[in-house]
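Residue numbers begin at 1 in each chain, while the letters A, B, ... track the order of the sequences.
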2 protein chains.
Amino acid sequence: MVDTKEKIRKAALKLFNEQGIDAITIRHIAKELDISHGNLQYHYKNTNDIILVLFNELNEGFSRFFTHRENSGQVTLEDFRHWVEILIEHIWQYRFIFLHFVEVTRRVPEIKTLYNSWDKAREEQFLLLFNTLIREGIFRDDIPPYIWKNLITQQYIMADFALSHNEIKMQLKGKKAVQYYGQVLFNQFYPYLTAKGRQQADKHQGIN
Amino acid sequence: MVDTKEKIRKAALKLFNEQGIDAITIRHIAKELDISHGNLQYHYKNTNDIILVLFNELNEGFSRFFTHRENSGQVTLEDFRHWVEILIEHIWQYRFIFLHFVEVTRRVPEIKTLYNSWDKAREEQFLLLFNTLIREGIFRDDIPPYIWKNLITQQYIMADFALSHNEIKMQLKGKKAVQYYGQVLFNQFYPYLTAKGRQQADKHQGIN
DNA sequence: AAAAAAATAGTACATTTGTACTAATGGTAG
DNA sequence: CTACCATTAGTACAAATGTACTATTTTTTT
């Protein structure tokens, strides 16, 4: 037996990513799956329910991904770059959320709460990471704390809205977008590097 | 005689900023103004028309603002900070565009074209500004060109989506939001400063 | 096998929205 | 004054949507 609920989530994710959340109703999703909208409604009362479930999926993905790299003692810049790329890939998978973040949070207020509570953990981890990289002589040690905090906010905004920027500007598709914005996100950290850090970065420098 | 067209734009801007573009139809705007929607339709066929006009208003504002500061030969960091603040204030004025940027460009494709063509000029001016600040010993001279270009992209994303971030996170109101995100935007440049530049910056440092 | 529960299809209806259209009003140029 | 044009109000209707509900079929449980 195929799990209808899962089929619905998959189809909804696809349609949301392609056409946005306003254009899509349960009727559209039902049509995509060739089932009745009455049936779909039996599983999820409306699109907002589905959006919430998909947001939780995204969150679980992130959590798995964060705890995964916790045990590593030392961090190279290359690790960090790789980490940023995976982050963006995740975001790409659920891009409708980020492309319509304000609408999403207005339509499903719980999402705002979820996002904000989960966010705090992310901040801690960032500061830890920064400190590690400072200790290893990769990041500069002459940056005041409020600038590090600023960098985290900056990093949030950039990660959350990079794909929106892509949408209104270049319109890179799939892998290309992930690559490009991975690079942009990573390059954010360049001026924070020490000479040693820059050497490491230049070794692996991608397109510019 | 009061200009009905202008009254409509004002009311639409207010409603869009308050409730977003999906929630608002010409009927809502008409109701806000106590005129018939038939009348409103006579002036603007639909909300997309109004959105386009408002976007052009925003653009004109930006253009005025850019050309204004062109003639100044020397640039201090304080000038620059002030400039960033005015930028954000502008954006706040027309925040519905930035809060729903993807939707806006999807509903009114011309806006994407307008944004992109106007964008190029902005890029030139940034590079010029950076070079001036480097020559004056305020910005570092050991940053490769692709990182400066990256910084411009970064600056776009940050400016365009700072208010979206505010919406899903802290929800600062009016002046508070403008102040906070002005600071965030300005702090982006901190690690690009020379020792001399940092001195200048610290003199006027705001909240942290 | 019978009963109960879960899943699916389909209907019904009030509301909203986009769009087009008609009618009335008011100012103004000739 | 009157004929014309711009402006305003209001009506009409099809399509889409949210929501609730019924009927049927399928699956599971006992």
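- Rounded to an integer number of Å, the gap from CG of A/Leu33 to P of C/dA9 is 10 Å.
- Annotation: salt bridge (Lys or Arg N to Asp or Glu O under 4.0 Å) contacts of B/Arg27 (sequence neighbours excluded): none.
- The CD1-P distance, from B/Ile29 to C/dG18, rounds to 10 Å in whole Å.
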Side-chain donor-acceptor pairs of residues 159-167 of chain B under 3.5 Å, sequence neighbours excluded:
unit_1	atom_1	unit_2	atom_2	d
B/Asp160	OD2	B/Tyr115	OH	2.3
B/Ser164	OG	B/Phe98	O	3.3
B/His165	ND1	B/Tyr181	OH	2.8
B/Asn166	OD1	B/Gln171	N	3.2
B/Asn166	OD1	B/Leu172	N	2.8
B/Asn166	ND2	B/Leu172	O	3.0
B/Glu167	OE2	A/Arg106	NE	3.1
B/Glu167	OE2	A/Arg106	NH2	3.1

Are there any protein N/O atoms within less than 3.5 Å of an N/O atom in nucleotides 11-15 of chain D, and if so, which ones and at what distance?
unit_1	atom_1	unit_2	atom_2	d
D/dT11	O4	B/His37	NE2	3.3

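- Residue pairs meeting the side-chain hydrogen bond (donor to acceptor under 3.5 Å, both in side chains) criterion with at least one member in residues 87-101 of chain B, sequence neighbours excluded: A/Glu103-B/His100, B/Glu57-B/Tyr94.
- Counting to the nearest Å, the C1' atom of C/dG18 and the CG atom of B/Asn48 are 11 Å from each other.
- We find that A/Lys10 and A/Glu6 are joined by a salt bridge, their nearest charged nitrogen and carboxylate oxygen being less than 4.0 Å apart.
- Residues from residues 14-24 of chain A with heavy atoms under 4.0 angstrom of DNA chain D: there are none.
- Summarising the geometry, atom CD1 belonging to B/Ile8 is positioned 11.0 Å from atom CG belonging to B/Asp49; distances are rounded to the nearest 0.5 Å.
- Under the salt bridge (Lys or Arg N to Asp or Glu O under 4.0 Å) criterion, B/Lys14 pairs with B/Glu32, sequence neighbours left out.
- In this structure, B/Ile26 atom CD1 and C/dC21 atom C1' are separated by 14 Å, rounded to whole Å.
- Nucleic acid contact for B/Leu40: none, since no nucleic acid atom lies under 4.0 Å from a heavy atom of the residue.
- Applying the ring-ring contact (aromatic ring centres under 6.0 Å, His included) test to A/Phe126 and every residue at least two apart in sequence or in another chain returns A/Trp83, A/Phe130.
- Considering only residues two or more places apart in sequence or on other chains, B/Lys112 meets the side-chain hydrogen bond (donor to acceptor under 3.5 Å, both in side chains) condition with none of them.
- Shown for residues 105-112 of chain B: no residue has heavy atoms falling under 4.0 angstrom of DNA chain C.
- When rounded to the nearest whole Å, the span between NZ of B/Lys31 and C1' of D/dA9 equals 16 Å.
- Under a cutoff of 6.0 Å and an axis angle of 45°, B/Lys175 and B/Tyr180 do not form a cation-pi pair.
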For nucleotides 5-7 of chain C, tabulate all protein N/O to nucleotide N/O atom pairs closer than 3.5 Å, reporting atom names and distance.
unit_1	atom_1	unit_2	atom_2	d
C/dA7	OP2	A/Tyr42	OH	2.9

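- The ring-ring contact (aromatic ring centres under 6.0 Å, His included) search around B/Phe186 returns none, not counting sequence neighbours.
- Distance OH (B/Tyr44) to C1' (D/dT8): 16 Å, rounded to an integer number of Å.
- Rounded to the nearest 0.5 angstrom, A/Phe62 CZ and A/Ile86 CD1 are separated by 11.5 Å.
- One finds the CG atom of A/Asn17 at 11.0 Å from the CD atom of A/Gln19 (value rounded to the nearest 0.5 Å).
- Residues passing the ring-ring contact (aromatic ring centres under 6.0 Å, His included) test with B/Tyr190, sequence neighbours excluded: none.
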